[in-house]
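Here is the structure we will look at, set down as structure tokens.
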2 protein chains.
Amino acid sequence: MDKYVKELKSHKLKITSQRLDILSFLDENRVHPSADEIYKAIKINSPALSKTTIYNNIDVMVKNNIIKAFRFMDSNELRFDYKTTEHYHFICRKCKNIYDVDISLPYLEKFEHYKHKVEEFYGDYKGVCENCLNKKKQKKK
Amino acid sequence: MDKYVKELKSHKLKITSQRLDILSFLDENRVHPSADEIYKAIKINSPALSKTTIYNNIDVMVKNNIIKAFRFMDSNELRFDYKTTEHYHFICRKCKNIYDVDISLPYLEKFEHYKHKVEEFYGDYKGVCENCLNKKKQKKK
DNA sequence: TCTTAAATTGTAATTATTCCAAAACAACAA
DNA sequence: TTGTTGTTTTGGAATAATTACAATTTAAGA
Ligand SMILES: [Mn+2]
Ligand SMILES: [Mn+2]
Ligand SMILES: [Zn+2]
Ligand SMILES: [Zn+2]
């Protein structure tokens with residue numbers, strides 16, 4: 001059985017082509033797309049698709065922890081991620097690519113001397129990516 | 001000379017009552033308000049105020065590093081901070097209060113083995129604050 | 001196959017923010 | 001102190017992202 005079908009069933013969500021499309025798009029295109037980008041990409045092969053369906057499903061999938069939502073400090077649109085395990089993001093201010101950052105930091109322990117109960121941490125980095133740095137170097141030559 | 005006047009002058013920005021109002025509001029109300037909250041608060045005593053003025057000035061002040069802008073992972077509105085030195089935020093999911101987190105974490109060093117050049121880091125915490133935790137305890141009694 | 005609750009759709013509404021052009025104003029110089 | 005000029009303010013309109021809603025369709029179990 002298809003892994004997306006399995007995933008949806010395990011959360012007692014109905015199997016619809018729209019949901020399968022969203023999941024496979026996110027899985028196969030790890031670019032952290034926005035709702036609109038997901039919509040446009042899927043609509044090509046399924047012209048009847050409604051944007052509300054994208055929002056509805058994104059919503060229910062985030063709530064069921066099937067996908068992850070995040071946004072950057074200065075961006076006004078939510079982005080989505082097939083990868084739900086703990087990781088952070090690095091965005092390049094030149095090419096705008098978003099890279100996964102797979103480091104685990106001692107956020108929660110460091111926070112201990114505060115009396116609040118920490119449940120979630122969110123973090124992201126900004127800078128210039130390796131590719132863009134190299135391009136710059138080559139130009140200088 | 002007033003400290004807000006001095007601050008604006010040091011960035012060669014014109015002194016206007018709107019700018020002084022925004023600065024003193026942010027300085028005296030460290031609640032990390034949104035643009036709309038700033039607008040509503042100042043409008044009480046200056047009814048002619050336009051929301052565009054708030055956005056314009058917020059913008060120019062952020063660019064001049066006089067104030068800081070940030071947003072939470074799940075919130076759709078930008079929030080503003082009079083405090084511009086490095087710090088992070090903790091938001092309580094019960095009372096929605098936003099607390100400053102004054103710890104310095106080794107974000108940049110840890111990131112070194114990536115080849116990207118990190119210029120900025122943004123992070124926030126979510127959980128239940130001390131006050132809300134105590135309220136819960138008292139109820140149980 | 002029948003039933004029904006859940007999902008999808010299109011449109012309208014809302015929210016946050018940006019754009020724009022006219023009027024008002026702060027700062028500097030005469 | 002007044003005049004000039006470039007900046008700021010204003011209100012209204014435009015845009016972008018998201019949410020609300022009601023009618024229609026559909027997945028899945030009996
Ligand atoms: Mn990711
Ligand atoms: Mn703060
Ligand atoms: Zn890049
Ligand atoms: Zn609280």
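Within every chain, numbering begins at 1; the chains are lettered A, B, ... in the order of the sequence lines, protein sequences first and strands thereafter.
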Practice task
From the options D:dT8, D:dT10, D:dA20, select the nucleotide whose nearest atom is closest to the side chain of B:N56.
Solution key: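 Of the options given, the side chain of B:N56 lies nearest D:dT10.
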Practice task
Compare the minimum distances between each of D:dA28, C:dA26, C:dT17 and the side chain of A:K14, then state the nucleotide with the smallest one.
Solution key: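 Out of D:dA28, C:dA26, C:dT17, the nucleotide with an atom closest to A:K14's side chain is D:dA28.
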Handout entry: Test ring pair (Phe, Tyr, Trp, His ring centres under 6.0 Å) applied to A:H32 and A:F90, A:F72, A:F70, the passing residue
Key =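 Answer after filtering A:F90, A:F72, A:F70: A:F70.
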Rounded to whole Å, how long is the line connecting atom [atom1] of [X] with atom [atom2] of [N]?
{"X": "B:R19", "N": "D:dT9", "atom1": "CZ", "atom2": "P", "result": "5 Å"}
{"X": "B:L8", "N": "D:dT7", "atom1": "CG", "atom2": "P", "result": "16 Å"}
{"X": "B:I54", "N": "D:dT8", "atom1": "CD1", "atom2": "P", "result": "15 Å"}
{"X": "B:K51", "N": "C:dC19", "atom1": "NZ", "atom2": "P", "result": "17 Å"}
{"X": "A:I15", "N": "D:dA28", "atom1": "CD1", "atom2": "C1'", "result": "10 Å"}
{"X": "B:R79", "N": "C:dT15", "atom1": "CZ", "atom2": "P", "result": "15 Å"}
{"X": "B:E77", "N": "D:dA16", "atom1": "CD", "atom2": "C1'", "result": "16 Å"}

Practice task
Could you check B:I22, B:N57, B:L49, B:N29 and say which one makes a side-chain contact (heavy atoms from CB on, under 4.5 Å) with B:I38?
Solution key: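 Testing B:I38 for a side-chain contact (heavy atoms from CB on, under 4.5 Å) against B:I22, B:N57, B:L49, B:N29 leaves exactly one candidate, B:I22.
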Do [X] and [Y] have side chains that approach each other closer than 4.5 Å (heavy atoms only, starting at C-beta)?
{"X": "A:M61", "Y": "A:L23", "answer": "yes"}
{"X": "B:N56", "Y": "B:Q18", "answer": "no"}
{"X": "A:L8", "Y": "A:K14", "answer": "no"}
{"X": "B:C129", "Y": "B:C95", "answer": "yes"}

Closer than 4.0 Å, any side-chain N/O of [X] to the OP1 or OP2 of [N]?
{"X": "B:Q18", "N": "D:dT10", "answer": "yes"}
{"X": "A:T53", "N": "C:dT9", "answer": "yes"}
{"X": "A:Y55", "N": "D:dT18", "answer": "yes"}

Problem - Test item: A:R19 side-chain N/O and A:Y4 main-chain N/O as donor-acceptor pair under 3.5 Å - result: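 Checked: no pair found.
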Problem - Residues touching DNA chain D, which here means a heavy atom under 4.0 Å, drawn from residues 33-50 of chain B - result: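 Listed by number, they are B:A48, B:L49, B:S50.
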Handout entry: For DNA chain D, the residues among residues 60-72 of chain B that have a non-hydrogen atom under 4.0 Å from it
Key =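 By residue number: none to list.
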Handout entry: B:N57 or A:T16, whichever maps to the more 5' nucleotide of DNA chain D
Key =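 The 5'-side residue here is B:N57.
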Handout entry: Residue closer to the 5' end of DNA chain D, B:L13 versus A:L78 (nearest nucleotide)
Key =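 First, find each residue's nearest nucleotide; the 5'-ward one identifies B:L13.
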Problem - Check ion pair B:D100-B:R30 (N to O, under 4.0 angstrom) - result: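 A salt bridge is absent here (no side-chain N lies under 4.0 Å from a carboxylate O).
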Problem - Nearest-0.5 Å distance that lies between atom CZ in B:F121 and atom CG in A:D124 - result: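 Answer for the CZ-CG pair, B:F121 versus A:D124, is 7.0 Å.
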